[in-house]
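Data first, discussion second: the structure below is written as structure tokens.
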Amino acid sequence: LPPRQRGALLLLLLLVYVHNQWTRNALMYAVSFAAPASASREFINVALSFDPSQYAILASFGFTLLYTAASLVAGRVADLLPRGRTLAAALFLWSAAIALQTT
């Protein structure tokens with residue numbers, strides 16, 4: 001790749017990384033154990049009636065197990081398909097999943 005395209009690709013990968021970290025941490029901002037029961041639209045733990053220990057399991061083991069399984073599938077897909085399209089599809093799917101959570 002020419003230097004200009006390398007720079008653009010690096011910037012794109014940086015933006016994807018920042019987007020990933022931002023949305024991965026979005027779950028922490030959707031939790032409040034001091035919120036009243038009427039705040040079920042704003043806080044996921046209120047809507048699902050999670051107590052702190054249930055949320056801890058979800059945020060630690062649940063996330064790790066799902067992330068591990070998805071990484072195995074994603075790794076195989078990345079080995080078989082063109083990486084640019086794979087990255088674009090993954091970014092689209094991740095963004096769509098986050099967008100659907102906010103509606």
Side-chain angles (χ1 to χ4, degrees):
L1 288 174
R4 186 177 176 117
Q5 285 183 339
R6 279 187 240 157
L9 180 60
L10 184 61
L11 178 62
L12 175 65
L13 290 174
L14 175 66
L15 291 173
V16 167
Y17 174 77
V18 168
H19 180 264
N20 181 15
Q21 295 302 315
W22 179 64
T23 54
R24 183 184 291 181
N25 290 313
L27 183 61
M28 290 188 294
Y29 296 106
V31 172
S32 173
F33 292 103
S38 61
S40 64
R41 181 144 172 87
E42 291 131 24
F43 299 106
I44 190 170
N45 63 302
V46 176
L48 298 175
S49 301
F50 280 3
D51 62 28
S53 61
Q54 290 171 319
Y55 172 73
I57 291 170
L58 171 70
S60 60
F61 295 117
F63 176 81
T64 302
L65 292 174
L66 181 61
Y67 191 82
T68 301
S71 294
L72 292 172
V73 173
R76 184 68 176 149
V77 168
D79 287 342
L80 296 174
L81 301 176
R83 283 167 179 65
R85 289 185 181 171
T86 303
L87 179 62
L91 183 60
F92 174 77
L93 289 172
W94 185 260
S95 298
I98 294 298
L100 288 173
Q101 289 178 2
T102 60
T103 58

Self-check item: Heavy-atom pair with the smallest gap, counting every atom of Ala35 and Phe43
Solution: CB-CD1, 3.5 Å
Self-check item: Summary of side-chain hydrogen bond (donor to acceptor under 3.5 Å, both in side chains) pairs that have at least one residue in residues 85-99, sequence neighbours excluded
Solution: Thr23-Trp94
Exercise. Output the rest of the hydrophobic cluster of Leu87: all Ile, Leu, Val, Met, Phe, Trp and Tyr residues reachable through side-chain heavy-atom contacts under 4.5 Å, sorted by chain and number.
Key: Leu1, Leu9, Leu12, Leu13, Val16, Leu91
Quiz item: Are Leu48 and Tyr55 connected, step by step, through hydrophobic side chains (Ile, Leu, Val, Met, Phe, Trp, Tyr) whose heavy atoms are closer than 4.5 Å?
Solution: yes
Self-check item: From CG (Leu58) to OG (Ser53), nearest 0.5 Å
Solution: 11.5 Å
Practice problem: Just grab all the side-chain hydrogen bond (donor to acceptor under 3.5 Å, both in side chains) pairs involving residues 67-84, residues at least two apart or on different chains. | Solution: Arg24-Tyr67
Quiz item: What heavy-atom pair brings Val46 and Ala37 nearest, and what distance separates the two atoms?
Solution: CG1-O, 3.6 Å
Quiz prompt | Within-4.5 Å side-chain heavy-atom neighbours: Ile44 and Phe50 | solution = no
Quiz item: How about Arg6: does its CZ atom have over 12 heavy atoms from other parts shown lying under 6.0 Å from it?
Solution: yes
Quiz prompt | Euclidean distance, Asn20 CG relative to Leu15 CG, rounded to 0.5 Å | solution = 12.5 Å
Quiz item: Less than 4.5 Å apart, any side-chain heavy atom of Gln54 and any of Asp51?
Solution: yes
